[in-house]
Structure formats: structure tokens, C-alpha cells
Amino acid sequence: MLDNIRLSTDETAVVILDQTKLPGKVEYLRLMTAAQMRHAIMTLQVRGAPAIGIFAAYALYVLAKSIPEDADFRGTLKELKNYLSSTRPTAVNLNYALERMMDAAKNNGGGKERKKILTALGEECRRIQYEDAAVCRSISEYALSLLKDGWGILTYCNAGPIATSRYGTALGGIILGFERGYKFNVYCCETRPLMQGSRLTAFELTEEGVNTTLICDNMASRVMSEGKIQACFVGCDRVAANGDTANKIGTSMVAVLAKHYKIPFYVFCPTSTLDMKCKSGRDIVIETRSEEEVHTGFFKERIAPEDVKIYNPAFDVTPANLITAIVTERGICKAPYEDSLRMINRKKE
Ligand code: MRU
């Protein structure tokens, strides 16, 4: 598994694996300025809901250290937090991690105790990453309990180790099972337009040694109809209180197909991705991204006419009634989700 996010040894930069260069190149970036860090989140150099939270926490720490001695420390910290959190609206973990950092600052020292606050921030960002590794491990154990040796599993987008800290969420059970000798046949949807399935999931799984087959998104129905798939495994960016779930655009299409073919459809996430203030999927803000991703993207030449209109929503919402279970580090939630998610969320306190 590749190291994806870390503090530089001198703590003046956040070092990330540039996910836009995979699978061709394993390249690391050393980010020092707020503009570079914001750019990294917006362009998906770092992506995956838990990973952007971890990254943003480290970024805020590095930036906090460079706030001038004579500046309004808390005011500047808040501005930096807002600057980073306004990058991607759908993933709840971004703001979750940044809020944790702000709380750490608030609970440690008064306005003048800059050193104390910086120590608390440094500890908190490390804790966020460390906790995520444990959370992913627990999700992976629950995920594996849902699988049988020899099964075919369909995945969408990328919810693997590089989208988190270790193991991943949706890929965690598959990787853990593989380590324990299970033989799965994983079908990854390539995930247009940004190809996280082909560039990242196929890369991570083949690197691990898992038997992996890449399909175009529009082949999912065919593969399911051929009896090759026994379970669908996806990650998510935000779960509403009623179980409606936002994940990469196209996920709901897989869920509809899974229902048709009577294949269980599982969603995996840390409890930090639950947004109990969001009543249903209708309240989830869906990020819209640039036209360029659709008409050019990873192609050498434009693949659509100059004057065609393009619509590029980056996420969609899978209605709760299409989801067999939502799997978290604290257990497996089933319908009615209003009750099961509330219970699991309570266990956090
Ligand atoms: O736009 P992306 O690539 O950040 O979208 C990511 C996803 O949709 C993932 O499934 C989600 O963040 C879960 S990552 C564990």
C-alpha cells in the first residue's frame, strides 16, 4: 500500500501522493502554501472523502505554523479553515476534520497561547489520520463478514487505501480477505469522467494481487446478467439520516441494476461520513465540476463537439431503499435507516 499523505519531517509542508498521475507515475508533491493545498483538493490530486479530511487537517496545521506572530492568530486560522473547506461541498469528512482542528484550537489555550494551540493542532491532525486507519480496519472486518470465498464483487469509483489511510472502506474487506487467502473476482467500473475506477481501484487491487477485471461503466448490467457478481461494494461521501447516500456519479445506476438482478448493494463509510443534520438525499449538496472533464478529460483530443452543452454533476444520491446495508466501523446498519443510523451514531459518544 502506498503512503498517501504525511507531514514533511520539518513540518513545513504536507507531502501527498499525486493521485492524478496514477497509474502511470508514482509522484509525490510537497505542498507549502494555502493556494497549493486548495488546488490539490480541487483538482483531485488528493481525493476520497476520508483522505481529503486527513489532508486538510495537516494542511491547516502547516499553515497555522506560518501565521505571523503579530497577526490575529484565531481570526487567520478561521479564514484558512474556510478557504480549505469551501473546495468540495459533498464530502462531509473535509469539514468534519477541519472542525475537529478548530475545536482542538479552541479547547487549548486562550488567544495568546499560540504555542499551546499549535501543539494541540499537531496532535489532532496526527490523531485524525491514526484513527482513520483503525476505523478502516474495523470496516474491513465487517465487510469481509459479508463475503464468501470465490465471489464476484463489483466496485465503483475508488474507496481504497489511497482514498483513506489504510485498507480503504469499500476495498478494505476485499484486500483483507485476499490477505487471508480468499479468492475474489473483482470487477471495477472505470467511473467516467475522471476514471477513478480504472486509474486507482484497478491499480490498487492489481498491486495487491487481487484478481481484477476492468469494465466500462455501461457494461455493469451485462456482467450482472451473466451471474458474475454476487455483491456490489461502494464507498460514499455523505449519508443522510434516512440512509440516502451520496457517492461518485453513476453509483445510483449500479444500485438500480443491483436491485433488478437481486444482488446485494453495500455502502461502506466511517461514522464521520454520517450527516444526521441532513434529513434526506434532497438536502445533500451535489458538486458540479468543469465541462472540460467530460469533453477532454483523459483523452488526447476533444471527444465532443465544441458547441455541445455539458452537464457534469460529480456525485449522485442512491436512495436508501436500494441499499442492502450501510457498513461502518461500529457495525452494520440496515433499514429502517432512521433507527439504525441514529443508534450507531449514538454509540460514538
Ligand atoms: O470525486 P472523488 O474521487 O473524491 O469521489 C470519491 C468517491 O466517490 C468515493 O467513493 C468516496 O469518497 C469514498 S472514499 C473512501
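Here the structure is a predicted model, which is why all the values come from computation and not from measurement. Atoms within each ligand, like the ligands themselves, are counted from 1 in listed order.
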* So, is the end of the Lys183 side chain (NZ or CZ) under 6.0 Å from the ring centre of Phe178 and within 45° of the ring's axis? -> no

Would you mind checking if [Y] and [X] are paired as a salt bridge, meaning a charged N to carboxylate O distance below 4.0 Å?
| X | Y | answer |
| --- | --- | --- |
| Glu141 | Arg137 | yes |
| Glu124 | Lys106 | no |
| Arg192 | Asp217 | no |
| Glu11 | Arg126 | yes |

* **Pair Ser138-Arg330, side chain to side chain donor-acceptor pair (under 3.5 Å): steps then yes or no** => CA-CA 8 Å; Ser138 173; Arg330 289 171 199 272; over 6 Å; no

Return the option from [options] holding the heavy atom at the smallest distance from [atom].
| atom | options | answer |
| --- | --- | --- |
| atom 14 (S) of ligand 1 | Gly235, Gly172, Ala49 | Ala49 |
| atom 2 (P) of ligand 1 | Arg289, Glu287, Arg47 | Arg47 |
| atom 11 (C) of ligand 1 | Val92, Asp237, Thr155 | Asp237 |
| atom 4 (O) of ligand 1 | Gln19, Arg238, Lys248, Arg88 | Arg88 |

Heavy-atom contacts with [X] under 4.0 Å: which atoms of ligand 1 show up? List them by number with element.
| X | result |
| --- | --- |
| Gln196 | 1 (O), 2 (P), 3 (O) |
| Ala159 | 14 (S), 15 (C) |
| Thr169 | 15 (C) |
| Asn158 | 9 (C), 10 (O), 14 (S) |
| Thr164 | 15 (C) |

* To do: Specify the closest pair of heavy atoms between Ala246 and Thr90, including all atoms of both residues, with the distance to one decimal.
  => CB-CG2, 3.9 Å

* Taking N or O atoms only and a 3.5 Å limit, does Gly48 qualify as a polar contact for ligand 1? -> yes

Heavy atom of [X] under 4.0 Å from ligand 1?
| X | result |
| --- | --- |
| Ala91 | no |
| Pro50 | yes |
| Ala314 | no |

* Structure fact -> Checking Glu292, Glu291, Glu293 against Arg289 for salt bridge (Lys or Arg N to Asp or Glu O under 4.0 Å), the one that qualifies is Glu293

* To do: Determine yes or no for a side-chain-to-main-chain donor-acceptor pair under 3.5 angstrom, with Arg100 supplying the side chain and Ala57 the backbone.
  => no

* Asked: What orientation do Tyr266 and Phe233 show, parallel under 30°, tilted 30 to 60°, or perpendicular over 60°?
  -> perpendicular

What part of [X] sits under 4.0 Å from ligand 1 if we count only heavy atoms: the side chain, the backbone, both or neither?
| X | value |
| --- | --- |
| Phe315 | side chain |
| Leu194 | neither |
| Cys157 | side chain |

* What's the shortest distance from atom 10 (O) of ligand 1 to any protein heavy atom, and which residue and atom give it? -> Asn247 OD1, 2.6 Å

* Asked: Identify the closest protein heavy atom to atom 13 (C) of ligand 1: which residue and atom is it, and at what distance?
  -> Cys236 O, 3.5 Å

* To do: Check whether more than 12 heavy atoms from other residues, nucleotides or ligands sit under 6.0 Å from atom CZ of Arg127, and answer yes or no.
  => yes

